[in-house]
Amino acid sequence: MESAQAANRSTAAPARLKLRRAIGRYWMLYVLLAPLLLYYVIFCYLPMFGIVIAFQDYRATRGVFGSEWVGFKHFAAFFSSEYLWRTVRNTLSISGLGLVFGFPAPILLALMLNELRGGAFKKTVQTITYIPHFISVVVIVSIVMNFVSTKGLINELLALLGAEPIRYASDPSLFYPVYVISGIWQTIGWDSIIFLAALAGVAPELYEAATIDGAKRLRRIWHVTLPGIAPTIALMLILRMGGIMSVGYEKIILMYNPGIYEKADVISTYVFRRGLSDGQYSFAAAVGLFNSVVNFILLLAADRASKRLGQSGLL
Amino acid sequence: MAEDKGAGAKAFRLANALLLSLLAVAAFYPIFYVLVASVSDPVKLYAASKVLLFPQGFSLAAYKIVFTNSWIWRSYLNTLFYVVAGGALSIFVTLLGGYALSRKYLPGRSVFLVIVTITMFFSGGLIPTFIIVNGLGLTDTVFAMILPSAVSTYNLLVMKTFLQGLPDEMEETSRIDGANDFTILWKVMAPLAAPALAVVSLFYIVSIWNSYIAPTIYLRNRDLFPLQVILREILLSGNTNSTNLNLSVSGGNEDYQAYSDAVKYATIVVATVPILCVYPFLQRYFVKGVMLGAIKG
C-alpha cells in the first residue's frame, strides 16, 4: 500500500488525474468517511462561517446575507461596558482557583492510590470517585444546592460548631468555594485515571533502587515517582493553562441567580443570557468570538510552552 | 513494588489508607444521602436532622408519586429514544469515519485530520451554532437532540487511534482473500475494535442521557422534553406545577413541602441509577479510553 502511494507520488500525473485515480481506488473509504465529513461541514464549519454575524446587526428575518454590516460596533459596546471587567475577572478567578485546588487534587489521589497494593480497597475507592463523573450536572447541582440551602446539611453542621449560617442564594462570596469544591468532587476520580496510567509506567527498578538506598516513602515519592510522571503533569498543566479563559456555562447557569451575578457571571454565561434569553444574537456572538480568539491565542502559547519543555506540543 | 518493612512504612500505609477512606466516604456521602432520603418517610424526613445516617422511617410514597407522573414517564421514554437512536447514529458515524481516517494510505487523510482537529480548538460558538441549527429547521424536532452533537471529536480520535493500532496483517490477509473495505470493516475490524466501541458507546450514551443544554435551547414542545429538562424543573426551579406532580396530601403546607422534597430525592435516584448501572461493566476499558484520547495524530 505504502509503495503504491509512493509510486503515485513519483509519477508526475496531473492533479486531476491523480485525484480521479485515488477516488477510483479508494472510493469505499471515501464513502465511509462521507457522513463524518458532512457532519463536520454542517455542524462545525457552517457555524464558524456564521460568526460573521458578530460584525452585523443580525435579523433572523433577513438572514446572514441580508443583515446590515456594522463592523466592530458590538465589540466596542462590550469593551466599554462594565460587563467586560466583571465577566473576565470571574472567568479568570474560577479558572485560577480550579488550577490551584482542582489541578493537584487528582494527582494527589493517584499518588495515594498508587501506594496501595491493589485489591478490593483500591478498586472501591476508584469506583466511588468515578461516580460523580457520570451523574448529570442537573443532579449534581441540585444535590449541592440542597446541601448549601438555608436549612441544609452544611448549615446544620455549622450550627453544631456554633458558626454563623451561610446564605448561598444571596451571598456572592460563597459562589467560588461552592463551585470549586463541587467541581473537585465531580472530577477528582476521572481525572486521576491519566495520572494512574502514567504511574503504572514508572520503571519498578527505580523504586527498588530507591528502597535499597534506604529512601523513605515520602522521599521516594518526591524523588522517583513525581519525576516519573512529570511529563504527564506538565502536559496536563499546559492544557489547563490554554483553557484558562474558558469556563463553561452548563453548571453555572444552574447555580447562579441575579443576586450573585457579581461573582458568578462568566463570559460564557453572559453570552448565553444576552444571546438566548435576550435575543441579542450579534452582540452575544461578538462576545463569544472575543472569547474564542483569546482562547486560541492562549492555546498557541501553551503549545509553544509545551514544545519548549521538550514535549511534542499540542497541535 | 518493593516492600519496605518497619514501623515507619506501616504508619505511612495506615495513614494513606485512612485518608483514602475518608475521601471515599466524603465522595460517596451525597449519593448515599439521596438514596437514604428517597426511601424515608417524607414527613419524618422533613422534621429530622439533615445529617442523615439512616432512613427516617421507611416509605416508598415518593417513588409512587414519581412513577405515576406522566411527565416523568414521557420524558424518560424520550431520553431512551434519544440514547438509542442518537447513540446508534453517533457510534455508526464514528466507527465508519474513524476507520477511514485510520488508514494511513488514504489520499487526503492529513487534510481530513486537520479539518477534524481544528474543531477541538476553535468552534463557531453557542450563538452561530444555534442560528444554523435553527436555520436548518431542526428546532423542536427530535433531530435537534440527535444531529448537532452526533460526533465528538474526542471519541472519533479514540476510535481512530485504536483502529490504527491494530496490526496491518489483519487487513492485508483479508484483502488477499478478496474482501473489500466494507467487509473488512464489518467482519474484521469492528469485532477487533470491541474495547474502543465499548468506551466510545459509553461516552456517547452518558453525554446524551445527561444532556440538558441542547433540549433547553432547541425544544419548546414539552412532549419532546428529555428527562434532564423535566428534572431541572422539578429539582432546581421548584416548579412542580407544569409537571403536574400529584402532591395532594392531607396535611398542611409543611406536609406539602415534605413531599415535594422527598419526590426530588426519588426523582434523582430514578434518573441516575440506570446510567450508573452501565458503567461498572465498562470500567476496565476506561484507562484505555482516556489514554487513546490523549494521544494525538
Side-chain angles (χ1 to χ4, degrees), chain A residues 1-2 5 22 26 28-29 32-33 35-37 39-40 43-44 46-48 50-51 53 112 115 121 124-125 127-129 131 134-139 141-143 145 147 152-153 156-157 185 193-194 197 204 207-208 211 216-217 250 254 271-272 275-276 281 284-285 288-289 292 296 299, chain B residues 1-2 4 8-9 12 16 19-20 24 27-28 30-31 34 49-51 93 96-97 99-100 103 105-107 112 115-116 119 121-129 131-132 148 150-151 180-182 206 210 212-213 217 228 231-232 235-236 268 271-272 275-276 279-280 286-287 290-291 294:
Chain A
M1 289 300 150
E2 294 285 335
Q5 195 190 8
Y26 300 109
M28 280 184 154
L29 286 179
L32 294 175
L33 193 61
L36 188 80
L37 288 181
Y39 169 81
Y40 276 99
F43 293 105
C44 298
L46 275 184
M48 280 190 215
I51 290 176
I53 66 161
M112 288 167 76
E115 292 298 318
F121 180 62
T124 310
V125 175
T127 305
I128 288 174
T129 51
I131 290 176
F134 292 91
I135 299 180
S136 80
V137 63
V138 173
V139 168
V141 171
S142 76
I143 295 176
M145 292 297 104
F147 277 20
L153 176 80
E156 199 173 307
L157 289 174
W185 176 48
I193 291 179
I194 196 154
Y207 286 113
E208 272 157 38
T211 312
K216 292 271 190 295
R217 285 257 177 168
E250 290 88 347
L254 297 172
V271 171
F272 191 93
L276 297 177
Y281 295 139
L289 176 58
S292 298
F296 195 68
L299 191 90
Chain B
M1 188 183 292
D4 42 5
F12 177 90
N16 187 39
L19 264 171
L20 277 172
F28 192 66
I31 297 153
V34 171
S49 154
K50 294 288 176 285
V51 188
V93 175
L96 267 54
Y99 174 70
R103 301 302 94 186
Y105 50 79
L106 179 75
F112 298 133
I115 290 174
V116 164
T119 63
F121 304 112
F122 202 81
S123 78
L126 179 70
I127 304 300
T129 308
I131 287 174
I132 296 293
V151 178
N180 62 34
D181 287 301
F182 295 165
V206 170
N210 288 338
Y212 89 92
I213 288 289
I217 299 176
Q228 297 298 329
L231 269 184
R232 184 186 179 185
L235 298 177
L236 290 162
I268 292 179
T272 309
I275 207 77
L276 291 186
Y279 107 86
F286 287 171
V287 177
V290 169
M291 293 312 284

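Just so it is clear: chains get the letters A, B, ... in the order the sequence lines come, proteins before strands, and each one is counted from 1.
Contact annotation for Leu19(B): both backbone and side-chain heavy atoms come within less than 4.5 Å of a heavy atom of chain A. With a 4.5 angstrom heavy-atom cutoff, Phe272(A) touches chain B via backbone and side-chain atoms both. Contacts between Tyr281(A) and chain B at a heavy-atom distance below 4.5 Å involve backbone atoms as well as side-chain atoms. When heavy atoms are compared at a cutoff of 4.5 Å, Ile127(B) approaches chain A solely by way of its side chain, counted from C-beta outward. For Tyr39(A), the part lying near chain B is the side chain, with the backbone staying farther off; criterion is any non-hydrogen pair under 4.5 Å. Heavy atoms of Met145(A) lying under 4.5 Å from chain B belong exclusively to its side chain. Contacts between Ile53(A) and chain B at a heavy-atom distance below 4.5 Å involve the side chain alone, from C-beta outward. The part of Glu156(A) that comes within reach of chain B is its side chain, from C-beta onward, which places non-hydrogen atoms under 4.5 angstrom from that chain. Interface residue Tyr212(B): only side-chain heavy atoms are found under 4.5 Å from chain A.
Ranked by heavy-atom pairs shorter than 4.5 Å toward chain B, the options Thr129(A), Ile193(A), Val271(A), Leu37(A) are led by Ile193(A). The candidate with the highest count of non-hydrogen atom pairs below 4.5 Å against chain B, out of Ile143(A), Val141(A), Leu289(A), Ile135(A), is Ile135(A). Comparing Ile268(B), Leu20(B), Val51(B) by heavy-atom pairs within less than 4.5 Å of chain A, the highest count is held by Leu20(B). Contact count versus chain B (heavy atoms, under 4.5 Å) is highest, among Val138(A), Val125(A), Leu157(A), for Val138(A). Of the residues considered (Asp181(B), Val151(B), Thr129(B)), Val151(B) shows the highest number of contacts with chain A, using heavy-atom pairs under 4.5 Å. Contact count versus chain A (heavy atoms, under 4.5 Å) is highest, among Ile213(B), Val206(B), Ile275(B), Ile31(B), for Ile213(B). Put simply, of Ser142(A), Gly288(A), Cys44(A), the one with the most heavy-atom pairs under 4.5 Å next to chain B is Ser142(A). Note on Leu231(B), Ile115(B), Leu276(B): by heavy-atom pairs under 4.5 Å with chain A, the leading option is Ile115(B).
The two atoms that bring Thr119(B) and Tyr40(A) nearest to each other are OG1-CE2, 3.5 Å, heavy atoms only. In terms of heavy atoms, Phe296(A) sits closest to Phe121(B) at CD1-O, 4.0 Å. The two residues Pro128(B) and Pro47(A) make their nearest non-hydrogen contact at CB-O, 3.3 Å. When all heavy atoms are compared, the tightest approach of Met28(A) to Phe182(B) is O-CE2, 3.5 Å. When all heavy atoms are compared, the tightest approach of Leu32(A) to Ala100(B) is CB-CB, 4.4 Å. Considering all non-hydrogen atoms of both residues, Ala27(B) and Trp185(A) come closest at O-NE1, 2.9 Å.
Between Leu126(B) atom CG and Ser292(A) atom OG the span is 10.5 Å, to the nearest 0.5 Å.
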Check the pair Arg103(B), Tyr26(A) against side chain to side chain contact (heavy atoms under 4.5 Å, CB included), reporting the backbone distance first and the verdict last.
CA-CA 10 Å; Arg103(B) 301 302 94 186; Tyr26(A) 300 109; over 6 Å; no
Would you sort out whether Val34(B) and Thr272(B) count as a side chain to side chain contact (heavy atoms under 4.5 Å, CB included), showing the intermediate values?
CA-CA 11 Å; Val34(B) 171; Thr272(B) 309; over 6 Å; no
Pair Phe112(B), Leu36(A) - check side chain to side chain contact (heavy atoms under 4.5 Å, CB included), show working.
CA-CA 10 Å; Phe112(B) 298 133; Leu36(A) 188 80; over 6 Å; no
Any chance you could lay out the side chain to side chain contact (heavy atoms under 4.5 Å, CB included) test for Thr124(A) and Phe28(B), step after step, and finish with the verdict?
CA-CA 11 Å; Thr124(A) 310; Phe28(B) 192 66; over 6 Å; no
